[in-house]
Amino acid sequence: MYHPRLYGEYYDMGLKYGKLLYEKANFVIPTISKQKMDFGLDSYQNLKSFFPEVIEEIEGFAKGINDKPEKLGAFLLSLGVFNPTGQCSVFAFKNSNDTIIGRNYDMLFNFKKFTESSLIAPKNKYSYISQSDVFIGRSDGINEKGLSVAMSFVNGTEIQTGISFHFIVRKILEDCENTKQAIELIEKAKVSTANNFLIADKTGEIVVVESAPQKSKVRRPKENEQFIYITNEFKLEEMQRYDRGGVEWSKSTERYNGLKNNLKSVEQMDLEKAKEILSDKCVCLNLKKEKFGTIWSVVANLNDLKIERAETKPTVRNYKLETRLDWWMKKNAPS
């Protein structure tokens, strides 16, 4: 897993990382089909309106690899649209005094070589730690305000040119300080595909936004429950018509029930208990035949911003403390 530190102006962040990958890894934009290219180019126009700052970063990255920003943008915005993407299991738990989140990211094992956990601190935006298996876009993260967001793929009935989850997650982390703002951002976005977004903040406001091109709907914890969780299905009745299903191969229902059973047995959540849940064989995915499973796992306390990450299949003992966000915030604290 790569560990970039990117901060400052958007163009400069893109140029720095693009040049690094070009010089150290001979990076070139992968070839994609005409269908994906046309879809991505149309979506790039949507991204210009939704997230103009990141267009500057794409332009800087393209300069760093000696290619065209439109081609790079089209590649990024077609990812996870035509082929199944991360499966994933995520939960949030609100104690009386803090909020704990846990997230497993499930993907093809050979994607491990592309994974990265980045400290990103754009000028005049919130700083954050986030994970992804693609540069620039994000799959999950926690920002300096104690806001967390993580996505999981849903096999929707429609796709449309628009904004991919990679850029939804990233814009939330950079622009939002609480769950309410994150919900509003998703509801206003023209999303490309169906996804679950689990959002939590340090006040204990924990929700799932079941999001599809047709509509989105907020799901909240059941009465008398302190937790909420997702795998790869819509659970709200009015959203199930937009869910094609077909995710049995990734044990989505088994993982969902594994999360439910584990969470129901907890009265007070902490990071150690979160690690146990994510490492449980009913939650942690390891499909050897499909060469698919959990390739990173994150737990965090959103109130003290303590973050720990396992950069492979998780066990209760292989999480390591993430310190870069704390370092950045202390470095930039008002004197």
Side-chain angles (χ1 to χ4, degrees), residues 1-10 12-13 16-17 20 57 90-105 115-133 135-150 169-179 181-182 198-206 268-279 296-312 314-335:
M1 182 173 262
Y2 296 104
H3 300 89
R5 300 185 185 206
L6 302 171
Y7 43 85
E9 302 287 352
Y10 281 87
D12 294 338
M13 291 194 298
K16 174 185 175 181
Y17 201 27
L20 178 67
E57 187 169 342
V90 193
F91 74 84
F93 195 106
K94 52 180 178 178
N95 296 312
S96 56
N97 296 316
D98 56 20
T99 306
I100 305 295
I101 63 96
R103 190 276 207 281
N104 281 352
Y105 185 80
T115 59
E116 57 183 52
S117 175
S118 306
L119 166 69
I120 301 180
K123 186 177 180 180
N124 299 323
K125 299 283 187 176
Y126 297 133
S127 57
Y128 55 98
I129 291 291
S130 63
Q131 286 66 230
S132 185
D133 53 19
F135 52 91
I136 299 182
R138 305 286 93 190
S139 298
D140 59 59
I142 299 113
N143 75 12
E144 65 179 82
K145 292 296 182 178
L147 176 69
S148 169
V149 58
V169 168
R170 179 157 178 185
K171 189 167 177 64
I172 287 172
L173 292 168
E174 295 183 10
D175 287 2
C176 301
E177 63 177 281
N178 55 48
T179 297
Q181 292 176 358
L198 193 149
I199 307 163
D201 66 28
K202 64 183 180 182
T203 73
E205 186 71 16
I206 58 176
Q268 181 81 7
M269 180 66 69
D270 58 22
L271 296 188
E272 295 308 309
K273 176 57 69 175
K275 295 175 194 177
E276 289 179 18
I277 292 172
L278 294 175
S279 303
W296 78 70
S297 182
V298 177
V299 298
N301 183 317
L302 301 183
N303 293 74
D304 63 12
L305 293 179
K306 185 175 182 181
I307 305 166
E308 297 187 42
R309 183 177 54 254
E311 300 185 355
T312 184
T315 70
V316 293
R317 294 179 296 276
N318 69 354
Y319 288 79
K320 294 182 179 180
L321 184 65
E322 167 61 70
T323 61
R324 289 172 297 167
L325 183 59
D326 183 62
W327 165 81
W328 177 260
M329 292 173 66
K330 287 179 179 177
K331 178 182 177 182
N332 292 277
S335 55

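Defined by atom type and a distance below 3.5 Å, a donor-acceptor pair is missing between the side-chain atoms of Thr115 and Asp133. Checked by atom type, the side-chain pair Tyr128/Arg170 shows a donor-acceptor distance below 3.5 Å. With 3.5 Å as the limit, one finds a donor-acceptor pair spanning the side chains of Glu144 and Ser127.
Proximity of Asp175 to Gln181: side-chain heavy atoms (C-beta onward) are nowhere separated by under 4.5 Å. In this structure the side chain of Tyr319 reaches within 4.5 angstrom of the side chain of Pro314, judged on heavy atoms. Within the 4.5 Å cutoff, no side-chain heavy atoms of Trp296 are placed close to those of Thr312. Side-chain contact between Ser118 and Arg5 is absent, with no heavy atoms from C-beta onward closer than 4.5 Å.
Comment: Arg309 engages Glu311 in a salt bridge, judged by a side-chain N to carboxylate O separation of less than 4.0 angstrom. The pair Lys16-Asp12 does not meet the salt-bridge criterion, since no charged nitrogen lies less than 4.0 angstrom from a carboxylate oxygen. The residues Glu177 and Lys202 are annotated as not salt-bridged, no charged nitrogen and carboxylate oxygen being separated by less than 4.0 angstrom. A salt bridge links Lys275 with Glu272: at least one charged nitrogen is closer than 4.0 Å to a carboxylate oxygen.
Remark: side-chain polar atoms of Asn95 are not paired, donor with acceptor, to backbone N or O of Thr99 under 3.5 angstrom. Not one N or O on the side chain of Ser297 forms a donor-acceptor pair closer than 3.5 Å with the backbone of Ala310. Side chain of Asn143 to backbone of Leu147: a donor-acceptor contact under 3.5 angstrom is found. Within the 3.5 Å criterion, the main-chain N or O of Gly141 finds no donor-acceptor partner in the side chain of Arg103. At least one donor-acceptor pair closer than 3.5 Å links the side chain of Asn104 to the backbone N or O of Leu278.
Under a cutoff of 6.0 Å and an axis angle of 45°, Lys331 and Tyr7 form a cation-pi pair.
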Stepwise side chain to side chain donor-acceptor pair (under 3.5 Å) test for Asp201 and Asn178: CA-CA 6 Å; Asp201 66 28; Asn178 55 48; 5.7 Å; no
